[in-house]
Amino acid sequence: MAKVALVSGANKGIGFACVRALCKQLKDDNAVYLTARNPELGKKAVADLEKEGLKPRFHQLDITDQRSVEALRDHVKKEHGGLDIVINNAGFAFRLDDKASAAEQAAVSCQVNYFGTARVFDVLSPILRPHSEYASYSKKFYCRVVNVSSMTAKGVLKRLDPELKKEFQNTSTRNEVDMLVKRYIELMASGEAEKYGFTTVSNCGFSKLGLCALTRVQNSDMQKDLNRPGINVYSVCPGYVATDMSSYKGPKTPDEGADTLIWLALQPQGTTMGSGEFFADRKVISLL
Ligand code: NDP
């Protein structure tokens, strides 16, 4: 059975590099979807990869738009029956000199990076397949979801009030993580975030911390689905990568930034290594 993979926010940067790597590693009888919120930019990115001899497919995806995510799910289900790899790469960070208020920055960062990524999982997880046999190889690939987070999550966790830090580390349900993120947004809006133990240092970092906690919960929920064994969910920091988001600073190229994401997405059959954990440079990073 052909494998179906998709990458969000793939018109540029690390997402684009992920599509390139998946196209190279999965070959043409599989379907690799380059998705982007702007169809024009997405189709241009597909054309750029075609010039490299690769054959990604395109579908529109805005992770903040429920209908857009559902349209993608319906398309994939109709065309392929299911989905094997999701790299939730789409993300947003305000520039350091952005004039938006701290409250607005906190809300927008969480809406895109946390709730947007959560929405993609909510809508697409029912069509994730437990595994598929890839004809050209003797081994089986299992289904993988990779949430692109950031090392700033660890820095933010360190700065939380100890009680709040414990609360984060002990979250075991989706609702508990959602409530923590909502509390942060509300306290940022009322100017009381620090008073209640949150840090105002990095709104993007906070949204990514939420994403790491969410990943753990998503993974644990998938492990409980006995009809679909072996579906692993990971969070990962790509490193400091020269992309639009970093104003082209950072020592890694997008291809290098994609390395751990692809390594996790293609983990072979039966691996339970680091399932639910946060990774960087192919290693588990402790969030304790
Ligand atoms: P880029 O800014 O180059 O790319 C971000 C991508 O996300 C773009 O395609 C953008 O689309 C897309 N995007 C933003 N909002 C949405 C949305 N609502 N729906 C769908 N797509 C959306 O950044 P990077 O390639 O650097 O970042 C990729 C991921 O890596 C992000 O999650 C980021 O947080 C993470 N990361 C990056 C680091 C770095 O050093 N670069 C460090 C740590 C983490 P559009 O072009 O339309 O805006």
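All ligand and atom numbering here is 1-based and tracks the order in the structure.
Of the polar atoms of Gly15, none of the N or O atoms is found under 3.5 Å from an N or O of ligand 1, judged by distance alone. Polar contact with ligand 1: absent for Cys204 (N/O pair, distance under 3.5 Å). Between Arg37 and ligand 1, a contact under 3.5 Å exists for at least one N or O pair. Checked against a 3.5 angstrom limit, the closest N/O atoms of Asn89 and ligand 1 fall inside it.
Looking only at heavy atoms of the protein, atom 26 (O) of ligand 1 is closest to Thr243 OG1, 2.5 Å. Here the heavy atom of the protein found nearest to atom 30 (O) of ligand 1 is Val148 CG1, 3.4 Å. Nearest to atom 46 (O) of ligand 1 among the protein's heavy atoms is Asn11 ND2, 2.9 Å. Protein heavy atom nearest atom 17 (C) of ligand 1, with residue, atom name and distance: Asp62 OD1, 3.6 Å. Counting only heavy atoms of the protein, atom 25 (O) of ligand 1 lies nearest to Ile14 N, 2.9 Å. Atom 4 (O) of ligand 1 has Lys12 CE, 3.8 Å as its closest protein atom, hydrogens excluded (heavy atom only). The protein non-hydrogen atom at the shortest distance from atom 6 (C) of ligand 1 is Gly9 O, 3.6 Å. Closest protein heavy atom to atom 40 (O) of ligand 1: Val241 N, 2.8 Å.
Heavy-atom proximity to Tyr240, at under 4.0 Å, picks out these atoms of ligand 1: 40 (O). Numbered from 1 in the order shown, with element, the atoms of ligand 1 that lie under 4.0 Å from a heavy atom of Asp244 read 3 (O). Below 4.0 Å from some heavy atom of Gly13 lie the following atoms of ligand 1, by number and element: 3 (O), 25 (O).
Considering each of Ser8, Cys237, Ser149, the one bringing a non-hydrogen atom nearest atom 44 (C) of ligand 1 is Ser149. Of the options Gly239, Ser150, Ser246, Ala258, the smallest heavy-atom separation from atom 42 (C) of ligand 1 is shown by Gly239. Remark: among candidates Gly250, Gly91, Ala90, the nearest residue to atom 14 (C) of ligand 1 is Gly91, based on non-hydrogen atoms.
To the nearest 0.5 Å, atom CD of residue Gln111 and atom OG1 of residue Thr117 are 11.0 Å apart. Interatomic distance, Gln218 CD to Leu211 CG, rounded to the nearest 0.5 Å: 7.5 Å. Atom NZ of Lys3 is separated from atom CD1 of Ile85 by 4.5 Å, given to the nearest 0.5 angstrom.
The proximity of Ile63 to ligand 1, defined as any non-hydrogen pair under 4.0 Å, involves the side chain as well as the backbone. Under 4.0 angstrom from ligand 1, the non-hydrogen atoms of Leu61 all belong to its backbone. At a heavy-atom distance under 4.0 Å, only side-chain atoms of Lys208, from C-beta outward, approach ligand 1.
A donor atom on one side chain and an acceptor atom on the other are found under 3.5 Å apart for Asn113 and Ser207.
Under 4.0 Å is where a charged nitrogen must lie from a carboxylate oxygen, and between Lys165 and Asp161 no such pair does. Note on Asp84 versus Arg144: no salt bridge recorded, every NZ/NE/NH1/NH2 to OD/OE distance being 4.0 Å or above. Looking at Asp281 and Lys252, a side-chain N of the basic residue comes within less than 4.0 Å of a carboxylate O on the acidic one, giving a salt bridge.
Although no hydrogens or angles enter the test, the distance criterion places a donor-acceptor pair under 3.5 Å between the side chain of Gln223 and the main chain of Ile231. Of the possible polar contacts, none joining the Ser235 side chain to the Cys212 backbone as a donor-acceptor pair under 3.5 Å is found. Checked by atom type and distance alone, the side chain of Glu277 never pairs as donor or acceptor with a backbone atom of Val284 at under 3.5 Å.
Contact annotation: Gly116 has no heavy atom less than 4.0 Å from any atom of ligand 1.
You'll find the ring centres of Phe58 and Tyr33 outside the 6.0 Å limit. Residues Phe206 and Phe168 bring their aromatic ring centres within 6.0 Å.
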Between Glu167 and Thr171, is the side chain to side chain contact (heavy atoms under 4.5 Å, CB included) condition met? List the steps. CA-CA 6 Å; Glu167 218 181 308; Thr171 46; over 6 Å; no
